[in-house]
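So the structure is just underneath, and the comments pick up after that.
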Number of protein chains: 2
Amino acid sequence: MSQQQAVLAVSTVIFALRSDPTTGISTVWIPVVRRIREPHEGRWALPGGPLRVDDDLEEAARSHLLETTGLTPKYLEQLYAFGKVGRSPGPRVVSIVYWALVESDEAARATVGENVTWLSTDELPELAFDHNLIVDYALWRLRTKMEYSRIAHAFLGDTFTLAQLREVHEAVRQKPLDPANFRRTIESSKTVVPTGEFVTGARHRPARLYRYDGSIDLADSGPLQ
Amino acid sequence: MSQQQAVLAVSTVIFALRSDPTTGISTVWIPVVRRIREPHEGRWALPGGPLRVDDDLEEAARSHLLETTGLTPKYLEQLYAFGKVGRSPGPRVVSIVYWALVESDEAARATVGENVTWLSTDELPELAFDHNLIVDYALWRLRTKMEYSRIAHAFLGDTFTLAQLREVHEAVRQKPLDPANFRRTIESSKTVVPTGEFVTGARHRPARLYRYDGSIDLADSGPLQ
DNA sequence: ACAAAAGTGTTTTGTTTACACCCATGA
DNA sequence: TCATGGGTGTAAACAAAACACTTTTGT
């Protein structure tokens, strides 16, 4: 049953925003892959796999993510190491889990097939292993971190309107925000700069386009980077 | 050089408050152990060691900590998994690092000897491996978390005065706090309850003793516990 | 002209900070 | 009675929330 060493794996919870096909409201979705062998054959699981001995942890997350889903994250951060004895049948597995944010329109173009699909975090089925707990924890981190850092930009393209940025916050925090107060909060944070361009075509006043100020880091990780 | 699997280790950054022998001011200290073999023989390192295959991660941190320093932490939380290729000479090592808080007077009683000592985080020497980076990151987490959670209690005994609790905050945040405003902040947080007892003996008005309200968790970890 | 969202102004409310001052004790 | 820290009161400064109102477009 037990062997000399635990197996090390790296997995990633990837978040993207998608419009609900019925209501049209943006909500948080994750890509999952189907398990093609036991244990939990047939169930959906987080993308990931064993750590190759010459790969850095973050690099392993990034490359495995690209191979299975074709996605390149705009934000990637270590979440937690899950290592409880018995969390996986068979040999002991310790999973170092990352969480990532990808641009909405890149997510729309991402690989989907028989063995890869997107699931809404509002109504997740039972996933393989302890992956429901992992997603719950990643969602909690996303929501708390959204309140005090600027990671929302990672869901958007290079330029965006304040309405789009507000939509991201509303999707993640699951409540409407006052447009006037939101505007002032963002403007006083000095993290965005107006490009001078406007979005025309909608049947209302054109919205100013902004660009994220790259001289400020998305999230303060202290001494790590 | 490279082998099939990475080695998994668990280490812990243990924080306690100690009075500076010269100034008398409380500052943050950590216990370290001397490396008795290569690599980095003779250098100070964080307590830790390889993960036994049947131990849970947190349990491994706790038991290794007890064996080497004799300490039982009042607070223990996972910090980060450090796994950069080349962070240790020889086989690939991935370290899952925890951070812990221990009561000040328990720390004073802790094992000290030829191979275990306490170091002030204000003036750390060069430690083994990447342990300086790890301690810096743990300190950053301690300081940021002190601002929005109630972990300060873990440095104190069951009952304490507000002056003692304030001293903990001042030691960690490295700046003086207004006693009047500190009192109100703590009282409005509803995390402490007065015991009804007072500390007499000092040459000033007796200070009220408080107890931490156990029904509120020290730190909100979301879906994990 | 009208709807609809962009964007501005203003008032209210609450929280943080600064600091003056009274209280209870030991020496 | 004096020094010392415990403990209370209060006003100013600042930040968050609520909401009325003006602007600019497409139809």
Side-chain angles (χ1 to χ4, degrees), chain A residues 19 23-26 143-150 152 156-157 159-212, chain B residues 17 19 23-26 143-144 146-150 152 156-157 159-212:
Chain A
S19 300
T23 66
I25 299 170
S26 278
R143 292 195 171 117
T144 52
K145 198 144 195 168
M146 183 77 82
E147 309 233 357
Y148 65 87
S149 72
R150 301 296 151 206
L156 298 170
T159 61
F160 47 86
T161 64
L162 289 186
Q164 289 175 312
L165 186 58
R166 179 164 48 86
E167 196 185 336
V168 172
H169 275 87
E170 289 177 337
V172 171
R173 293 161 64 173
Q174 295 182 302
K175 66 170 181 186
L177 299 170
D178 184 306
N181 294 333
F182 182 79
R183 163 180 301 275
R184 270 182 292 253
T185 307
I186 297 297
E187 276 172 349
S188 68
S189 78
K190 310 277 190 203
T191 54
V192 299
V193 284
T195 63
E197 291 184 89
F198 293 81
V199 177
T200 55
R203 68 188 196 292
H204 55 76
R205 179 172 171 177
R208 195 170 233 111
L209 272 174
Y210 291 83
R211 182 189 310 281
Y212 168 68
Chain B
L17 299 188
S19 300
T23 66
I25 299 170
S26 279
R143 291 196 171 116
T144 51
M146 183 78 81
E147 310 233 355
Y148 65 86
S149 72
R150 301 297 152 205
L156 298 170
T159 61
F160 48 85
T161 66
L162 287 186
Q164 290 176 311
L165 185 59
R166 179 164 50 85
E167 196 186 337
V168 172
H169 276 87
E170 289 177 337
V172 172
R173 293 160 67 172
Q174 296 181 303
K175 67 170 181 185
L177 299 171
D178 184 307
N181 295 332
F182 181 79
R183 164 180 300 275
R184 270 182 293 254
T185 308
I186 298 297
E187 275 172 350
S188 69
S189 78
K190 309 278 188 200
T191 54
V192 299
V193 285
T195 64
E197 290 184 89
F198 292 82
V199 177
T200 55
R203 68 188 196 293
H204 56 76
R205 181 173 170 177
R208 196 171 231 109
L209 273 174
Y210 291 83
R211 181 190 311 282
Y212 169 67

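Proteins come first, then strands; the chains are lettered A, B, ... in the order of their sequence lines, and each starts at number 1.
Proximity of A:Lys175 to A:Leu177: side-chain heavy atoms (C-beta onward) are separated by under 4.5 Å at one or more points.
Within residues 168-194 of chain B, the residues having any heavy atom closer than 4.0 Å to DNA chain D are, in order of number, B:Ala180, B:Arg183, B:Arg184.
Atom CZ in B:Arg208 sits roughly 7 Å away from atom P in D:dG7 (whole-Å rounding). In this structure, NE2 of B:His204 is placed 9 Å from P of D:dG7, rounded to the nearest angstrom. One atom, CZ of A:Phe198, and another, C1' of D:dT25, lie 12 Å apart when rounded to the nearest Å. Rounded to whole Å, atom P of C:dT25 lies 8 Å from atom CZ of B:Arg205. Atom-to-atom, CG of B:Leu209 to P of D:dG6 comes out at 12 Å; the value is rounded to the nearest Å. Rounded to whole Å, atom P of C:dA4 lies 16 Å from atom CZ of A:Arg166.
Formation of a donor-acceptor pair under 3.5 Å by the B:Gln164 side chain with backbone atoms of B:Thr161 is found in this model. Put simply, the side chain of B:Thr195 gets close to the backbone of B:Leu209: a donor and an acceptor are under 3.5 Å apart. Side-chain atoms of A:Ser149 never come within 3.5 Å of backbone atoms of A:Met146 as a donor-acceptor pair (strictly under, hydrogens ignored). Remark: the backbone N or O of A:Arg143 is not paired with any side-chain donor or acceptor of A:Arg173 at under 3.5 angstrom.
Residue A:Arg203 places no side-chain atom within donor-acceptor reach of the base of D:dT25, judged by atom type and a 3.5 Å distance cut-off alone.
Enclosure of atom CD in A:Glu197 is not indicated, since only 12 or fewer non-hydrogen atoms of other residues, nucleotides or ligands lie within 6.0 angstrom.
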